[in-house]
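Note that these values count all heavy atoms, side chains included, but never hydrogens, waters or copies made by symmetry. Residue numbers begin at 1 in each chain, while the letters A, B, ... track the order of the sequences.
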Number of protein chains: 2
Amino acid sequence: MATIYEVSKLAGVSLATVSRVMNNNANVSDTTRKKVTLAMEELGYRPNSIAQSLASNCSNSAGLLVSELKGPFYGPMMSGIENTLRNQGKHVIITAGHSDAEREQQGIEFLISRNCDALILHVEAVSDEYLIKLSKGKTPFVLLNRHIPELADRCIILDNVKGGYLATKYILDSGHKNIAYISGPLWKKDAQERLNGHKQALAEHAIEFNENSLYEGDFIEDSGYEGFSALYKNNPAITALVCANDEMATGAMVSAREHGIELPAQLSIIGYDNVFFTRHVYPPLSTINYPIDEMGKVAAQWVLSHVYQKSVQPIQTLFEPELVIRQSVVNIT
Amino acid sequence: MATIYEVSKLAGVSLATVSRVMNNNANVSDTTRKKVTLAMEELGYRPNSIAQSLASNCSNSAGLLVSELKGPFYGPMMSGIENTLRNQGKHVIITAGHSDAEREQQGIEFLISRNCDALILHVEAVSDEYLIKLSKGKTPFVLLNRHIPELADRCIILDNVKGGYLATKYILDSGHKNIAYISGPLWKKDAQERLNGHKQALAEHAIEFNENSLYEGDFIEDSGYEGFSALYKNNPAITALVCANDEMATGAMVSAREHGIELPAQLSIIGYDNVFFTRHVYPPLSTINYPIDEMGKVAAQWVLSHVYQKSVQPIQTLFEPELVIRQSVVNIT
DNA sequence: GCTATAAATGTAAGCGCTTACATTTGGTGT
DNA sequence: ACACCAAATGTAAGCGCTTACATTTATAGC
């Protein structure tokens, strides 16, 4: 691979001049610019961005840490981020944290050591203290789906309590009284918040929350399957199930049908996230919309404005969940 | 951020020694090693991997180019790759090509200029010639889901003709004779191959392929929706629809139901890819399994063995599609 | 034609590391 | 006590760029 040095020789100019035409800002006469451009083309020259980063201390790329690369939730998020960043000529380095504190930390450190100009983090396991300490460092970052009061201005979040509330309220308004809940892992804040919203709705309708009708899943389909079996064995009289995400809801559907339960007639189910396939499960799943692609875009815009000085409208940090009604919940009043 | 220089001063040794303990291979006495380690911890030292790359010409990271970051197909692929690479201490830089020649090329060049030690490419738009030329360069790469005879040993592919054949044969064996087909964009080889498999099965059953019962979609749900409408208007007598991927199949299902067609009784549908949500659509979709996560892993192993000398069993480059029977196809004999 | 000033270009010192080669140290065998 | 050799450590030259600063060249005003 040709280097800047060879280009300069071919063009008969100095290194600095070549560098100047590359970063086409400085004063370079048209004639030399042309000479250099020609030489670059002739050699098929591509700047080595590693060397550029090292010298300029700017890599034109942002680091993105997500929990998983697969799954219907992260795809749209990554996609939204990559698109808006790429449109401005910035690149994205993606890594996965697997909801594990150590791996998340490793990932963050990798991204920093890779000279990322900024980080977009969807972290779950790492502690608030760690992030606060990180914020004192020189690499700026935004947080997706995580609220830390000290870092509030860089937290882009959904009102999960409200979402949880909305889901259960809808079930309640449909006349259900015997309601079970499959939560996410309760060490995760969002899981906790959704559950709190659930309890809040229950309280408002003077229905007592019962520990026995709660199953703690892990946001993955299988735990929805297991969860429903356990819940149903414990109390076959339930008429509605609220799940802390769509994947568990679909798992629960499978289990319910295996128990000979007719959906939605005998059991109403509601999910959370409005992941793209919810329209296609049977019955089409009612759920809570989580505008994760939008939120990803906003995160990318934060980076653009805070790090690359691209002017951008002020950024929305709190997003509102919305009830999406399809056919998995039935009115039994 | 502390540099190697500060560490060496604190530990009272030379730069080279610090570097040696970092790459813990050379001969370093235990005592100095300890001194250095201590100094590193005290300073919270993290090596700057950009500088490492530049100096060593090895970045310990592989570049991955996919068409889209979202969608049910790429997630498992990226995930499989990231996992196996990360287990060996290698990192992954992901970028998206959006099935567009220019963007794919840009992405490849970015990855190369980022000093990736190897590339894993899922490219669709870029030409064979470009890739052959690329293979002469110094960055090794594997191709996923693309067959180029000249580069056969580094192409990890599925037998798409066979997959297409299997799908249609199953439909045919179920007694259908009036069959429509929604293909992917026909400039994509895999779309073409699947269609060829379809025609082959038809020919074998002495059924004539009819251009009017072919709709060229784009592998995206909406085109399945549009496709079915068009096909049905053209010929309301069809009893079966084979789709070149699952997303278009689900789109077609929506459309079919909007036309008042009862599924699967009045219309059998089969998809392709066996994307994770196919089990949950209604009716559960019969499809062709595409072991993309496995193939991603194999690609990662290729990189591990060819670039990092990790010994690994010889690599499987041709994968077999398999028929997955669920409930969306009905026997009408 | 000569100086003052701006524009264009060049020079060279890093950025933070790795690594070939040189030097020092310490342990053997005699 | 000496030479000898391997192990441990140090020295310094890059890797391919950017950029402050120095120098040269062109332009204008008088």
Scoring nucleotides 18-26 of chain D by protein non-hydrogen atoms under 4.0 Å (B base, S sugar-phosphate only, - none) yields BBB------
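Between the side chain of A/Ser79 and the main chain of A/Gly75, no donor-acceptor pair closer than 3.5 Å is present. Using modelled atom types, no side-chain atom of B/Glu104 and backbone atom of B/Val123 make a donor-acceptor pair closer than 3.5 Å. No donor-acceptor pair closer than 3.5 Å links the side chain of B/Thr32 to the backbone N or O of B/Val28. Remark: side-chain polar atoms of A/Thr37 are paired, donor with acceptor, to backbone N or O of A/Arg33 under 3.5 angstrom.
Side chains of B/Ser59 and B/Ser53: a donor-acceptor N/O pair is absent below 3.5 angstrom, by distance only. Side chains of B/Ser135 and B/Arg154: a donor-acceptor N/O pair is absent below 3.5 angstrom, by distance only.
For the pair A/Asn115 CG and D/dG16 C1', the interatomic distance rounds to 14 Å; values are reported in whole Å. Taking atom CG of B/Asn27 as the reference point, atom P of C/dG27 lies 16 Å away to the nearest angstrom. One atom, OH of B/Tyr5, and another, P of D/dT11, lie 11 Å apart when rounded to the nearest Å.
If you check residues 33-48 of chain B against DNA chain C, the residues with a heavy atom closer than 4.0 Å are B/Tyr45, B/Arg46, B/Pro47, B/Asn48, listed by number.
The two atoms that bring A/Gly97 and A/Arg103 nearest to each other are O-CB, 3.5 Å, heavy atoms only.
Applying the salt bridge (Lys or Arg N to Asp or Glu O under 4.0 Å) test to pairs two or more places apart or on separate chains, those with a residue in residues 112-133 of chain A are A/Glu124-A/Lys188, A/Asp128-A/Arg146, A/Asp128-A/Lys189. Within the structure, every pair that satisfies the ring-ring contact (aromatic ring centres under 6.0 Å, His included) test and touches residues 16-73 of chain B, not counting sequence neighbours, is listed here: B/Phe73-B/Tyr290. Among pairs with a residue in residues 47-69 of chain A, none fulfils salt bridge (Lys or Arg N to Asp or Glu O under 4.0 Å), at least two apart in sequence or across chains.
Between A/Phe110 and B/His91, the angle of the ring planes stays under 30°, which puts this pair in the parallel group of the 30/60° scheme.
Each end of the helix from C/dG1-D/dC30 to C/dT30-D/dA1 yields a helix axis from five base pairs, and these two axes differ in direction by 40° (to the nearest 10 degrees).
Checking C/dG16, C/dT11, C/dA8 against every side-chain atom of A/Ser14, the shortest atom distance belongs to C/dT11.
At a threshold of 4.0 angstrom between heavy atoms, the contacts of B/Thr32 are confined to the sugar-phosphate backbone, with no base atom among them.
Taking side-chain N and O atoms only, B/Thr3 has no distance below 4.0 Å to OP1 or OP2 of C/dC15.
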